[in-house]
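What follows is a single structure, written as structure tokens, with notes after it.
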Amino acid sequence: MTPHEPVEYHRLLRTLPRYRWWKPLVAIVVGLVYYLVLSVAAAVVFIVVGIVTGDIRIDTLAHLQTDLGQLGVIDAASPLLIAFALVSIALMLPAVQLAMLTVGLRPTSVRHSVGFRLRWRWMLISLGPAALILALNLGAGLVIGGLQGEWPLPPSTPLATFAVCAVIVLVLTPFQAAAEEYVFRGLLAQALGAWVRFVPVAILVPSLLFASAHFYDIWGLVDVALFGIAAAIVVWRTGGLEAAIAMHTVNNIASFLLLASGVFGTTINEAETSGPIGPSISVVTLTLWVLWMSWLAPRAGVARVGTFAPPAMQPVPAGQQPRI
């Protein structure tokens, strides 16, 4: 089999040996079904846990209805609710994997990068810029808020509760952030890229869908869309999801930890945001991040293009026999 010419990340599905035009569409539909099934199973498990721990009361029907309704609320200071929120999103990871296996989009490692693998060294390198850009974003928000007389409040969450929630956030958030990247910057972008060569389509459409999956006011949705666009550009410029996963993870861990502490006056992730301040800061910081990663990637030896190569055509290290 002759390998395809190297292509950018969003076009990578077309290089697979059994690619057909309809497979990405079926994968999206099947992935939704898998995700719904997994979500129902996870909800049952969390309901049982909540009943055992007393977070879900079953003494009266009114209490049961109220507490079950709270499962849809992201309260970063409630171990049950924050764990449920993060796991519910993280379940998109196995859903994508199962969907790709079901429709025959193999190897499923195509979703990682143009190298058909997670480039761990590049992901670790990407954590540094992500942390610095986040610090710049938070610092700018703090200064602008202070000029308007809006300062963070003293932490209000009991230390023991915060510690438990912090552990949950640190353990589960990387999976939650990665799941969103694999769906919106991964499967959806690659599906569109398999049909349409024009890269803005693979950047803008998934970014708008990403924003619409969040429940914020208009300024919050604009801010999320800006992040989605920036992350999609970085994926395109670096040939994989690693840098976007790093930024998404760092951003969400910091956001959930701050929310859990109560310094915002609430521990619940509310729909109302800070207005145009957030998107205004994001335009600057995300632009810096995109430029930084675009500059850093080639200097770190990160490939932007790749193609599927059958095992028999891949170079074999000296002293090793090819795998059959």
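In this text the structure is predicted, and so the values were computed from the model without any measurement.
Both the sub-6.0 Å distance and the 45° axial angle are not jointly satisfied by R11 relative to the ring of W195.
Under the 4.5 Å side-chain heavy-atom criterion for grouping Ile, Leu, Val, Met, Phe, Trp and Tyr, L209 is connected to V222 within one hydrophobic cluster. Grouping the Ile, Leu, Val, Met, Phe, Trp and Tyr side chains by contacts below 4.5 angstrom, directly or via other members, places L81 apart from F215. Hydrophobic clustering (ILVMFWY, side-chain heavy atoms < 4.5 Å, transitive): L241 and I125 are in one cluster. A continuous path of ILVMFWY side-chain contacts below 4.5 Å connects L93 to V103, so both sit in one hydrophobic cluster. Residue V52 is not grouped with residue L64 when hydrophobic side chains (ILVMFWY) are merged at heavy-atom distances under 4.5 angstrom, including chains of intermediate members.
Side-chain atoms of Y34 and T102 include a donor-acceptor pair closer than 3.5 Å. With no hydrogens or angles considered, a side-chain donor-acceptor pair links T273 and D217 at under 3.5 Å. There is no side-chain donor-acceptor pair under 3.5 Å between Y216 and D223. Judged by distance alone, the side chains of E181 and H248 do bring a donor and an acceptor atom under 3.5 Å apart. With 3.5 Å as the limit, one finds a donor-acceptor pair spanning the side chains of T60 and H63. In the model, T108 has a side-chain atom that pairs as donor or acceptor with a side-chain atom of Q97 under 3.5 Å.
From S294, atom OG reaches atom CH2 of W236 across 8.5 Å, with rounding to the nearest 0.5 Å. I144 contributes atom CD1, which lies 11.0 Å from atom CD of E150 (distance to the nearest 0.5 angstrom). The CG atom of D75 lies 7.5 Å from the CG atom of L259; values are rounded to the nearest 0.5 Å. Rounded to the nearest 0.5 angstrom, I74 CD1 and T267 OG1 are separated by 11.5 Å. Expressed to the nearest 0.5 Å, how far CG of L170 lies from OG1 of T249 amounts to 11.0 Å.
Two residues are said to be in side-chain contact when any heavy atoms from C-beta on lie closer than 4.5 Å; F308 and P107 meet this criterion. At a threshold of 4.5 Å between non-hydrogen side-chain atoms, the residues H10 and V201 do not count as touching. Looking at heavy atoms from C-beta onward, H112 lies in side-chain contact with Y182 at the 4.5 angstrom threshold. Residues V7 and R14 are not in side-chain contact: their nearest non-hydrogen atoms beyond the backbone lie 4.5 Å or more apart. When side chains are defined from C-beta on, L221 does not count as touching S212, because their heavy atoms never get closer than 4.5 Å. V263 is not listed as a side-chain neighbour of P154, based on a closest heavy-atom distance of 4.5 Å or more. Side-chain contact between D67 and D55 is absent, with no heavy-atom pair separated by less than 4.5 Å. Under the 4.5 Å side-chain criterion, counting only non-hydrogen atoms from C-beta, L86 is in contact with I82.
The nearest pair of heavy atoms linking L153 to G262 is CB-O, 4.5 Å. Taking both residues in full, the closest heavy atoms of I203 and S207 are given as O-OG, 2.6 Å, listed atom of the first, atom of the second, then distance. M293 approaches T238 most closely through the heavy-atom pair O-CG2, 4.1 Å. In terms of heavy-atom proximity, Y19 sits nearest to L105 at CD1-CD2, 4.5 Å. Residues V114 and L12 approach most closely at CA-CD2, 3.7 Å, considering heavy atoms. I89 and A179 make their closest contact through O-CB, 3.4 Å (heavy atoms, listed as atom of the first residue, atom of the second, distance).
T53 places a side-chain N or O within donor-acceptor distance of the main-chain N or O of G50, the cut-off being under 3.5 Å. S126 places no side-chain N or O within 3.5 Å of a backbone atom of A246 that could act as its donor or acceptor partner. A donor-acceptor pair is defined here as one N or O able to donate and one able to accept, closer than 3.5 Å; such a pair exists between the side chain of E242 and the backbone of R119. Using a distance-only test at 3.5 Å, with no hydrogens or angles considered, no donor-acceptor pair links the side chain of T15 to the main chain of T307.
Using cut-offs of 30° and 60° on the angle between ring planes, the pair F210 and H214 is perpendicular.
Residue W292 places its CH2 atom among more than 12 non-hydrogen atoms of other residues, nucleotides or ligands, all under 6.0 Å distant. Other residues, nucleotides and ligands contribute only 12 or fewer heavy atoms inside 6.0 Å of the CD atom of E272. R18 CZ: 12 or fewer foreign heavy atoms inside a 6.0 Å radius. Annotation: F116, atom CZ; neighbour count of heavy atoms from other residues, nucleotides and ligands within 6.0 Å is above 12. The neighbour count for R121 CZ, taken as heavy atoms of other residues, nucleotides or ligands under 6.0 Å away, does not exceed 12. Sparse packing is recorded around CD1 of I58, with 12 or fewer heavy atoms of other residues, nucleotides or ligands lying under 6.0 Å away.
Just one residue in the list V33, V87, L91 forms a side chain to side chain contact (heavy atoms under 4.5 Å, CB included) with L38, and that residue is L91.
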**Asked** Can you check side-chain hydrogen bond (donor to acceptor under 3.5 Å, both in side chains) on T173 and N252, steps first, answer last?
**Response** CA-CA 7 Å; T173 300; N252 284 15; over 6 Å; no
